[in-house]
Amino acid sequence: MDPQEVKVSTNFIQEIIDRDRKANKYGGRVHLRFPPEPNGYLHIGHAKSICLNFGLAAQNGGLCNLRFDDTNPSKEEAEYIASIIEDVRWLGFDWGGRLFYASDYFEKMYSYALRLIERGKAYVCDLSPEEIRRYRGTFTEPGKESPYRERSVEENLDLFQRMRAGEFSDGARVLRAKIDMASPNLNLRDPVLYRILKASHPRTGDKWCIYPMYDYAHPLEDYFEGITHSLCTLEFEDHRPLYEWVLNTLNLPDPPQQIEFARLNLTNTVMSKRRLRQLVEGGYVEGWDDPRMPTLAGLRRRGYTPQSIRDFCDRIGVAKSNSVVDVRFLENCIREDLNKEAPRVMGILHPLKLIIDNYPEDQVEELEGENNPEDPAAGKRKIPFSRILYIEQEDFCKAPPPQYFRLAPGREVRLKNAYIIKAEGVVKEEKTGEIKEVHCTYDPESRSGKPGAERKVKGTLHWVSAGQALKVEVRLYDYLLLDHKEKITEEQSEEQPEEQAETEDFIKQLNPRSREVLTDCLVEPSLARAPVGSRYQFIRKGYFCVDPDSIPHKLVFNQIVSLRDTWSKVLKTGS
RNA sequence: UGAGGGAUCGUCUAGUGGUAGGACACCAGACUCUGGAUCUGGGAGCGGUGGUUCGAGCCCACCUCCCUCAGCCA
């Protein structure tokens with residue numbers, strides 16, 4: 001058995017499911033759903049919900065539907081539907097043909113609304129939006145009943161049918177639940193159930209001009225699909241009484257139950273649709289699939305694997321307390337995955353010419369390198385070696401600091417999979433004093449794999465052969481935000497409108513160096529036909545993924561994540 | 001200050017009256033032809049005050065702090 005399949009996560013929702021199954025509630029069925037609104041791109045926060053819902057279904061022998069909550073045509077667009085479907089599938093989940101749309105239930109929802117009216121539990125209200133707000137009262141004062149609250153069933157039926165027929169303009173009337181204007185829970189102060197919206201719906205076109213509100217539609221959607229456990233985020237906690245009111249008032253058997261959990265927050269990034277949109281529309285990133293974005297499209301392009309994201313969602317757990325997960329946790333997940341899977345190659349980000357003075361001028365040797373030391377089955381590959389190589393600029397230092405194991409004048413170092421070399425001298429740019437090339441000698445007896453080549457040297461460098469290397473572009477990424485949620489509360493002066501202050505603060509915190517494009521990088525020739533989306537470890541540097549911007553003779557790599565870098569820590573603590 | 005939630009290492013999360021555990025991060029060491037990986041070790045936590053109990057992170061009381069809600073958004 002695959003040990004990964006055996007892993008079962010425990011959390012408070014699983015406990016509820018356990019109790020329900022034991023009590024044979026819902027006849028022992030477990031049926032969940034992931035209900036996105038098609039009004040934007042999915043991000044890693046959605047991934048948490050997707051993994052939770054599909055994961056719980058799977059580990060309880062249940063089902064999970066994919067359902068588009070398309071009850072608001074003024075905000076939703078068909079193009080999002082395709083991207084959401086793609087993203088959920090990419091993450092690795094299967095809804096087994098149970099792809100549904102709230103809009104498919106409009107007719108049924110309408111007839112249930114009629115039933116509510118007949119039972120005296122809903123009425124048509126002619127108050128304007130502004131008036132409704134005023135009548136609602138405040139946290140501390142009860143609301144006032146609408147003057148239209150006591151209309152007869154007949155009149156309500158007639159008016160509601162005419163609302164549907166399009167006789168009234170947007171906002172002229174709404175259908176409201178008749179609950180309790182004095183309820184301490186504002187959601188129960190006669191909430192709006194239907195509004196008039198003369199907008200064309202992506203799926204139903206102009207068939208409808210009244211659309212159900214979330215609070216009315218959602219419990220019914222769940223009920224229609226036989227959902228047992230309806231998971232949503234914390235901010236809907238106050239809505240649960242209304243969710244239950246709809247189901248109970250309609251007297252529906254085996255009503256699904258709503259369970260709330262804390263949404264995902266990640267350090268060093270933003271997650272709200274509003275801010276994500278600001279990034280895109282403000283030109284701070286290249287688009288929704290910019291590799292810096294926490295969208296699934298962005299993470300995919302960046303090179304994150306679906307399994308690493310699933311693993312992450314699994315390991316962060318689920319609870320009811322608000323939390324902010326350190327983005328390094330996510331990075332750990334992708335490193336762990338790629339360490340096992342990614343083939344190793346050599347690539348130079350900042351080239352420095354290295355000339356081996358005692359190596360034959362026109363000779364090119366074929367050396368061999370392991371594709372993945374973590375996986376011997378990955379085999380080996382040929383790597384050309386010659387007199388002129390490139391190494392990383394930071395791997396040579398004229399006046400090395402303490403603890404520096406790399407190349408320095410008079411010092412020896414191993415070239416990975418090749419020879420031990422010794423630095424003999426440098427050639428400098430006359431004017432700037434910048435080091436143009438390093439000259440060295442090699443020890444012919446030290447070739448990797450050769451008997452007697454086991455001589456130890458402190459450092460090992462990666463390199464490419466000048467004549468065979470491929471010139472590529474590499475895009476390095478850093479966090480979108482420098483810090484997370486500092487100041488947001490502290491710096492708001494009372495004068496400043498809250499919204500504006502927060503926006504400015506968030507833009508102020510943007511990392512000006514979140515992206516660095518290197519156009520003169522060199523990689524070993526084995527990468528010549530690397531397909532878009534393929535991932536590699538550039539030895540000693542990090543994991544990289546071939547970007548779709550690549551063209552035949554110019555590969556473009558995205559840095560997925562760097563390798564853990566102990567040396568940079570040594571440097572930092574030293575200075 | 002109405003209602004509904006929440007508080008356990010730096011972070012996330014277990015613990016459901018009986019030795020507070022794991023993961024990430026961090027620190028130290030071993031190993032290494034990747035300063036990667038791996039291995040070993042370490043520091044680090046129950047918001048507060050009382051109470052019940054032989055025994056409390058868990059039960060009770062009071063307090064503190066944090067989050068959500070006044071859309072015809074979801």
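Here is how names work: the chains are called A, B, and so on, in the same order as the sequence lines, proteins then strands, and each is numbered from 1. In what follows, every heavy atom counts, from backbone to side chain, and hydrogens, waters and symmetry copies are set aside.
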Practice item. Have a look at A:F236 and say if it touches a base, only the backbone sugar-phosphate, or nothing, with a 4.0 Å heavy-atom cut-off. Key: base
Check your understanding: How is A:Q537 classified with respect to the nucleic acid when contacts are heavy atoms under 4.0 Å: base, sugar-phosphate, or nothing?
Key -> base
**Study point:** For B:G17, the Watson-Crick or wobble counterpart (both distances under 3.5 Å)
**Key:** none
Practice item. Establish whether the base of B:G35 is bridged to the side chain of A:R564 by a donor-acceptor pair shorter than 3.5 Å. Key: no
Exercise for review: Nearest-nucleotide wise, let me know which of A:G137 and A:A418 is further upstream toward the 5' end of RNA chain B.
Suggested key: A:A418
Point to revise | Phosphate contact (B:U11 OP1 or OP2) by A:S323 side-chain N/O below 4.0 Å | key: no
Check your understanding: So, do A:F405 and B:G35 meet the stacking rule of ring centres under 5.5 Å and planes under 30°?
Key -> yes
Point to revise | Phosphate OP1/OP2 of B:G71 contacted by A:R136 side-chain N/O (<4.0 Å) | key: yes
Point to revise | Side chain A:N65, main chain A:R67, donor-acceptor under 3.5 Å | key: no
Practice item. Sticking with atom C1', work out how far B:A44 lies from B:G21, rounded to a whole angstrom. Key: 14 Å
Exercise for review: Check every atom of B:U34, B:G2, B:U13 against the side chain of A:S321 and return the nucleotide holding the closest atom.
Suggested key: B:U13
Practice item. Establish whether the base of B:U13 is bridged to the side chain of A:R315 by a donor-acceptor pair shorter than 3.5 Å. Key: no
Review point. Does A:Y214 lie flat on the base of B:C73, that is, centres under 5.5 Å apart and planes under 30° off?
Key: no
Exercise for review: Can you tell me the pairing partner of B:U52 across any strand shown, Watson-Crick or G-U wobble, with both distances under 3.5 angstrom?
Suggested key: none
Practice item. Using a cut-off of strictly less than 4.0 Å, decide whether A:R195 has a side-chain nitrogen or oxygen near OP1 or OP2 of B:C73. Key: yes
Check your understanding: Distance check: side-chain N/O of A:T71 vs OP1/OP2 of B:A74, anything under 4.0 Å?
Key -> yes
Exercise for review: Would you indicate what A:Q403 reaches in the nucleic acid, counting non-hydrogen atoms under 4.0 angstrom: base, sugar-phosphate, or nothing?
Suggested key: base
Practice item. Give me the one residue out of A:D395, A:L407, A:L461 that meets side-chain contact (heavy atoms from CB on, under 4.5 Å) with A:L354. Key: A:L407
Point to revise | Euclidean distance for C1', B:U64 against B:G50 (whole angstrom) | key: 15 Å
Practice item. Examine the base of B:G6 for any acceptor or donor lying under 3.5 Å from a partner atom in the side chain of A:E260, and report the outcome as yes or no. Key: no
Practice item. Give a yes/no answer on whether the side chain of A:R540 brings an N or O atom under 4.0 Å of OP1 or OP2 in B:G35. Key: yes
Review point. Out of B:C72, B:G35, B:A25, which has the shortest distance to the side chain of A:D565?
Key: B:G35
Check your understanding: Do NZ/NE/NH1/NH2 and the carboxylate oxygens of A:D443 and A:K422 come within less than 4.0 Å?
Key -> no
Check your understanding: A:A319 has a side chain; which of B:G71, B:G36, B:U13 sits nearest to it?
Key -> B:U13
Point to revise | Which residue lies more 5' along RNA chain B, comparing A:E37 with A:L186 via nearest heavy atoms | key: A:L186
Review point. Counting side-chain heavy atoms from C-beta on, which of B:C12, B:C26, B:C72 comes nearest to A:I316?
Key: B:C12
Practice item. Check every strand shown and say whether A:D170 touches a base, only sugar-phosphate, or nothing at a heavy-atom separation below 4.0 Å. Key: nothing
Check your understanding: What is the pairing partner of B:A23, taking Watson-Crick or G-U wobble pairs with both distances under 3.5 Å in any strand?
Key -> B:U11
Point to revise | Member of A:F224, A:Y211, A:Y216 meeting the ring pair (Phe, Tyr, Trp, His ring centres under 6.0 Å) criterion with A:F106 | key: A:Y211
